[in-house]
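Chain letters run A, B, ... following the sequence lines, proteins first and then strands; every chain starts at 1.
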Amino acid sequence: MPDPGDQSRRGMNAVTAAPRVRFAPSPTGYFHVGGARTALYNWLFVRRLGGSFVLRIEDTDRERSDESWTSGILSALEWLGIDWDEGPYRQSERRELYEQAAERLVRSGRLYACDCSRADLESRHPGNPTPGYDGHCRDRALTPGPGRALRFRTPDAGTTVVHDLVRGDVEFANAAIEDFVVVKSNGDPLFVLAVVVDDLDMGISHVIRAEEHLPTTPKAILLWNALADVPTPTFAHLPVLVNDKRQKLSKRRDRVAVEDYRALGYLPEAMRNYLALLGWSPADGREVLSLDELVEEFRLEQVNHSPAFFDEKRLQHFNGLYLRALPLSELRERAAPFLASPVAPWPDDAFDQAAFDALAPLVQERVATLGEVPALVEFLFATPFEPDDEAFAKLVAGDALAPVVLGQARDAFRSCEWVAANLKELLAGIAVAVDRKLAKAQAPVRVATMGRAAGLPLFESLVVLGRDRTLERIEAALARLGPG
RNA sequence: GCCCCCAUCGUCCAGCGGCCGAGGACGCCGCCCUUUCAAGGCGGUAACACGGGUUCGAAUCCCGUUGGGGGUGCCA
């Protein structure tokens, strides 16, 4: 009998044939960036080699899985531009395959029935915090049936080696691998069985997934070799993504849903670029790479070994780069959803595309995400217009010269030619008159007309705002200051 | 507890025995530019966890320690 851990046949597959990979998320929560990176690495790997990307939904846990999570995963993948060649397959629809495999393994003696409850184990090993299964039912020859789980009879000796493209060979002593459950006592197949049966059935050549799966891989290999006489897939275990406490990203604890970033106005190409660089970098050190360049340069063998922190600041940097590189027409299209209901802080009929377009170039170089766009142009569309209280208090009400500046600006703006250079020149003159730098003199005018202490360049903005509204707002500010 | 993985600036990466008195990027700080804010330019800050080996020579190889992480009894 061959050593079940024997891997000598490995390497015969997928060397010349096109690789087949699978991305296999479980629909038990929103899709987070760690899953997105795993999907991306699978995708990059297989695209250059002309292979196939299979999408498989691992929903064997009926308690925790939900179809709504599945649709979220699919739309997030689409948004990122990660397309699939097959699927999505659902493990919940493939149950028969797992049952057949389990039957075969029972017949060949690799699986045995077990009726030990958790309490039984505890009573046999009181106080033992975490022992593995003790093999109690191994030789009891129980008949499989309801109320009895199916366990895999693991070898007592020898070693199972995981050949990993990222980590090299990782060895596990078979003696340390307990007889693990493969089918629950209620008949449901467990993840480890379903995955192996599917990978086998789908002809998967490379299993590229997060490092958290590495410890269960020897079990999968044992199972695989018990089921079929074909080489196991090649494995690649990617370093996990961690939070600021260096713990694995968790759906419950950490707010890192791909959908959230989309809603905040991150571009998929920026997200992709950033994600690709989380755990890998091209040989030449470039950091901004197009999709084609990523496909061309990406190598699993170059993937880092240590966990990476998802740094939103850095993502933001990449997003800004991509945003600024967009042609204006494209920026306009991408920004559109953020300028309309339900996102925009103004009614749809208050929006004026031409006004936005006029300021778009100035907007473009000031935002890191599309979500920041509305705030910059809100002064054009907000109805009614209300200056920010804090800014008004500080830069208008709190400035003894503000009434003078505002009053003179109103007078000067009343009849001049309405172009930016003119407005600037007029206000510069007022600045001189009140003995101030232009930078400080423009502050009260900015707050009165644009509502905020900082934002787009003042004069260009006023040109688009128009003379009437500009004068109205200055009057309103003066009125608010009251007489004297 | 046991098994496994990992270990270079705060963060993400480069480094695969001499080119390293450690390089790039983000962040942070300063300066310049400037109608605010950005963007941009320039400069600065800051790391090989520790201890043993191996070697003429170690961030790079080996061992150990420490630290971090992951997995672990019918989740995936």
Protein proximity profile, nucleotides 32-46 of chain B - base contact B, sugar-phosphate-only contact S, no contact -, cut-off 4.0 Å on heavy atoms: ---BBBBSS------
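Atom name P, nucleotides B/rA39 and B/rG30: the rounded distance is 15 Å, in whole Å. Here, B/rG27 and B/rU11 have their C1' atoms 8 Å apart, quoted to the whole Å. A distance of about 13 Å separates the P atoms of B/rC19 and B/rU60, rounded to the whole Å. Across the P atoms, B/rG41 and B/rG24 are found 15 Å apart, a figure rounded to whole Å. B/rA49 and B/rA14 are spaced 15 Å apart, taking the P atom of each and rounding to whole Å. Atom name P, nucleotides B/rC74 and B/rG69: the rounded distance is 26 Å, in whole Å. Separating the P atom of B/rC26 from that of B/rG44 is a span of 15 Å, rounded to the nearest Å. Comparing the C1' positions of B/rC16 and B/rC48 gives an interatomic distance of 14 Å, to the nearest angstrom.
Counting any heavy atom pair closer than 4.0 Å across all strands shown, A/His213 reaches a base atom. No engagement by A/Thr28 is indicated, since no non-hydrogen atom pair under 4.0 Å with the nucleic acid exists.
Across every strand in view, B/rC74 sits unpaired, with no contact that passes the Watson-Crick or G-U test at under 3.5 angstrom. In a base pair of the Watson-Crick type (N1 to N3 plus N6-O4 or O6-N4) or a G-U wobble (N1-O2 and O6-N3), with each distance short of 3.5 Å, B/rA7 is matched with B/rU66. Nucleotide B/rC20 forms no Watson-Crick or G-U wobble pair with any nucleotide shown, as no partner meets the under 3.5 Å limit on both distances. Of all nucleotides present, none satisfies the Watson-Crick or G-U wobble test against B/rC37 with each distance under 3.5 Å. If you check B/rC48 for Watson-Crick or wobble pairing at under 3.5 angstrom, you find it has no partner at all. Across all strands shown, B/rG43 forms a Watson-Crick or G-U wobble pair, both distances under 3.5 Å, with B/rC29.
Applying the side-chain hydrogen bond (donor to acceptor under 3.5 Å, both in side chains) criterion to A/Lys248, with sequence neighbours excluded, gives A/Glu212. In this structure A/His317 satisfies the ring-ring contact (aromatic ring centres under 6.0 Å, His included) test with no other residue, sequence neighbours excluded. In this structure A/Arg95 satisfies the side chain to side chain contact (heavy atoms under 4.5 Å, CB included) test together with A/Arg62, A/Glu99, A/Asp188, A/Pro189, sequence neighbours excluded. In terms of the side chain to side chain contact (heavy atoms under 4.5 Å, CB included) criterion, residue partners of A/Glu63 (sequence neighbours excluded) are, by chain and number, A/Asp61. Residues satisfying the side chain to side chain contact (heavy atoms under 4.5 Å, CB included) criterion with A/Pro88, sequence neighbours excluded, are A/Leu55, A/Ile57, A/Leu74, A/Trp84, A/Arg90. A/Ser71 pairs by the side chain to side chain contact (heavy atoms under 4.5 Å, CB included) definition with nothing, not counting sequence neighbours.
Sequence order on RNA chain B of the closest nucleotides to A/Ser281 and A/Val192 puts A/Ser281 first from the 5' end. For the pair A/Ala176 and A/Thr60, both in contact range of RNA chain B, the more 5′-proximal nearest nucleotide belongs to A/Ala176.
Phosphate proximity of B/rG71 to A/Lys248: present, with a side-chain N or O under 4.0 Å from OP1 or OP2. Within the 4.0 Å cut-off from OP1 or OP2 of B/rG68, not a single side-chain nitrogen or oxygen of A/Ser306 is found. Listed pair A/Asn304 / B/rA7 fails the phosphate criterion, with no side-chain N or O lying under 4.0 Å from OP1 or OP2.
A salt bridge links A/Arg334 with A/Glu330: the closest approach of a Lys/Arg side-chain nitrogen to an acidic carboxylate oxygen falls below 4.0 angstrom. Here A/Asp139 pairs with A/Arg153 in a salt bridge; the nearest charged N to carboxylate O distance falls below 4.0 Å. Ion pairing of A/Asp201 with A/Arg94 is present here, as a side-chain N (NZ or NE/NH1/NH2) and a carboxylate O approach within less than 4.0 Å.
Near-neighbour residues of RNA chain B inside residues 145-154 of chain A, defined by a heavy atom below 4.0 Å, number-ordered: A/Ala149, A/Arg151.
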Which side-chain N or O atoms in residues 369-381 of chain A pair as donor and acceptor under 3.5 Å with protein atoms at least two apart or in another chain?
unit_1   : atom_1 : unit_2   : atom_2 : d
A/Thr369 : OG1    : A/Leu264 : O      : 3.4
A/Glu372 : OE1    : A/Ala368 : N      : 2.8
A/Glu378 : OE1    : A/Arg452 : NH2    : 2.5

Would you mind writing out the side-chain donor-acceptor pairs for residues 430-442 of chain A within the sub-3.5 Å range, not counting sequence neighbours?
unit_1   : atom_1 : unit_2   : atom_2 : d
A/Arg436 : NH1    : A/Asp399 : OD2    : 2.8
A/Arg436 : NH2    : A/Asp399 : OD1    : 2.8
A/Arg436 : NH2    : A/Asp399 : OD2    : 3.3
A/Gln442 : OE1    : A/Arg446 : NE     : 3.2
A/Gln442 : OE1    : A/Arg446 : NH2    : 3.3
A/Gln442 : NE2    : A/Ala439 : O      : 3.0

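The interatomic distance linking A/Arg299 (CZ) with B/rC13 (P) rounds to 19 Å, in whole Å. Distance OH (A/Tyr98) to P (B/rA76): 11 Å, rounded to an integer number of Å. One atom, CZ of A/Arg209, and another, P of B/rG70, lie 17 Å apart when rounded to the nearest Å. Atom pair A/Glu178:CD and B/rC2:C1' shows a separation of 11 Å (rounding to whole Å applied). Summarising the geometry, the separation between CZ on A/Arg167 and C1' on B/rG69 is reported as 11 Å, rounded to the nearest angstrom. Note: CZ (A/Phe318) to P (B/rC26) measures 8 Å, nearest angstrom. To the nearest angstrom, C1' of B/rC48 lies 17 Å from NE2 of A/His305. One can place CD of A/Gln302 at 13 Å from C1' of B/rG15, the figure rounded to the nearest angstrom.
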Polar atoms only, N or O, under 3.5 Å: list the protein pairs with nucleotides 9-12 of chain B and their distances.
unit_1 : atom_1 : unit_2   : atom_2 : d
B/rC12 : OP1    : A/Arg246 : NH1    : 3.2
B/rC12 : OP1    : A/Arg246 : NH2    : 3.2
B/rC12 : OP1    : A/Phe309 : N      : 2.9
B/rC12 : O2'    : A/Leu277 : O      : 3.1

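In summary, the aromatic rings of A/Phe45 and A/His206 are positioned with their centroids under 6.0 Å apart.
The listed nucleotides are B/rG69, B/rC26, B/rA76; the one nearest the side chain of A/Lys313 is B/rC26.
Among pairs with a residue in residues 267-287 of chain A, those fulfilling ring-ring contact (aromatic ring centres under 6.0 Å, His included) read A/Tyr274-A/Phe310, A/Trp280-A/Phe298, at least two apart in sequence or across chains.
Defined by atom type and a distance below 3.5 Å, a donor-acceptor pair is present between the side-chain atoms of A/Thr160 and A/Asn174.
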